[in-house]
Amino acid sequence: MEKDFFDQVYQVVRLIPEGRVTSYGTIGKYLGAPRSARMVGWAMNGSHRQDPPVPAHRVVNSQGLLTGKIHFETPFAMQERLEAEGIEVKKDKVVNFRQLFWDPSIELSLD
DNA sequence: ACAATGACTGAAT
DNA sequence: AATTCAGCCATTG
């Protein structure tokens, strides 16, 4: 079972600063799989059992919707964690998503 | 091997 | 801005 791709996804997600969010497609694109956004989400399915904690709650879809909250311990745990980091969540979607958006291909390049 | 599924995305309506 | 449609791709039945 190769999980190289998974590990890369987990690492990128762990690089997301608090109070910031990113999308599955962005991560996939950063890893060279811009058309495999679904695979990224599928990879996140096993993120909860990783020894190093993976802030999956900082990963949302391109619309800023908390589509993956249902896979958390509880459907509302994701929103609570985001709010705990200062991120406003309204009706399952991140407020000011565009401002809070974190793009590794940009943020990591600026040093 | 075929069909269905999904933590998605972008375009069209 | 919200909803729908079609495309994508690895996993699973």
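Per chain, numbering begins at 1; letters A, B, ... match sequence-line order. Here the structure is a predicted model, which means the values were calculated and not measured.
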Subject >> Side-chain donor/acceptor of Arg20(A) to backbone N/O of Leu100(A), under 3.5 Å >> reply: yes
- Any N/O donor-acceptor pair, Arg38(A) side-chain to dC8(C) base, under 3.5 Å: yes
- Does some side-chain heavy atom of Phe6(A) sit less than 4.5 Å from a side-chain heavy atom of Val9(A)? no
Discussion item. With a 4.0 Å limit, can you tell me whether Lys93(A) has a side-chain N or O closer than that to the phosphate oxygens OP1/OP2 of dA1(C)?
Written reply: no
Under 4.0 Å between any heavy atoms, over every strand shown, what does Ala56(A) touch: base, sugar-phosphate, or nothing? Just pick one.
base
Residues passing the side chain to side chain contact (heavy atoms under 4.5 Å, CB included) test with Thr67(A), sequence neighbours excluded, are Tyr24(A), Asn61(A), Leu65(A)
Among dA7(B), dT9(B), dC9(C), the one nearest any side-chain atom of Ile70(A) is dA7(B)
Rounded to whole Å, CZ of Phe5(A) lies from P of dA10(C) at a distance of 9 Å
Between CG of Asp92(A) and P of dA7(B) the distance, given in whole Å, is 15 Å
Taken to the nearest whole Å, NZ/Lys90(A) to P/dA1(C) is 15 Å
Tyr30(A) meets the ring pair (Phe, Tyr, Trp, His ring centres under 6.0 Å) criterion, sequence neighbours left out, with none
Out of dG10(B), dC9(C), dA7(B), minimum distance to the side chain of Met39(A) belongs to dC9(C)
query: Would you say the side-chain atoms of Arg58(A) pair up with the backbone N or O of Trp102(A), donor to acceptor, closer than 3.5 Å?
result: no
What residues 9-36 of chain A contributes to the DNA chain C interface at heavy-atom separation below 4.0 Å is Arg35(A), Ser36(A)
When rounded to whole Å, the CD to P distance for the pair Gln63(A) and dA7(B) reads 16 Å
Practice task
Please examine the side chains of Ile27(A) and Pro104(A), heavy atoms only from C-beta on, and report whether any two atoms are closer than 4.5 Å.
Solution key: no
In whole angstroms, the gap separating C1' of dC8(B) from CZ of Phe97(A) amounts to 12 Å
- Task: Report which part of the nucleic acid Asn61(A) touches: base, sugar-phosphate, or nothing (heavy-atom distance under 4.0 Å, all strands).
- Result: sugar-phosphate
Between CE of Met44(A) and P of dT11(C) the distance, given in whole Å, is 17 Å
> At under 4.0 Å, does any side-chain N or O of Thr67(A) touch on OP1 or OP2 of dC8(B)?
Replying inline: yes
Taken to the nearest whole Å, CG/Leu65(A) to P/dG6(B) is 18 Å
Separation of dG6(B) atom P from His71(A) atom NE2, nearest Å, is 8 Å
- Flag the pair Val59(A) / Val40(A) as yes when at least one side-chain heavy-atom distance between them is below 4.5 Å, and no otherwise. no
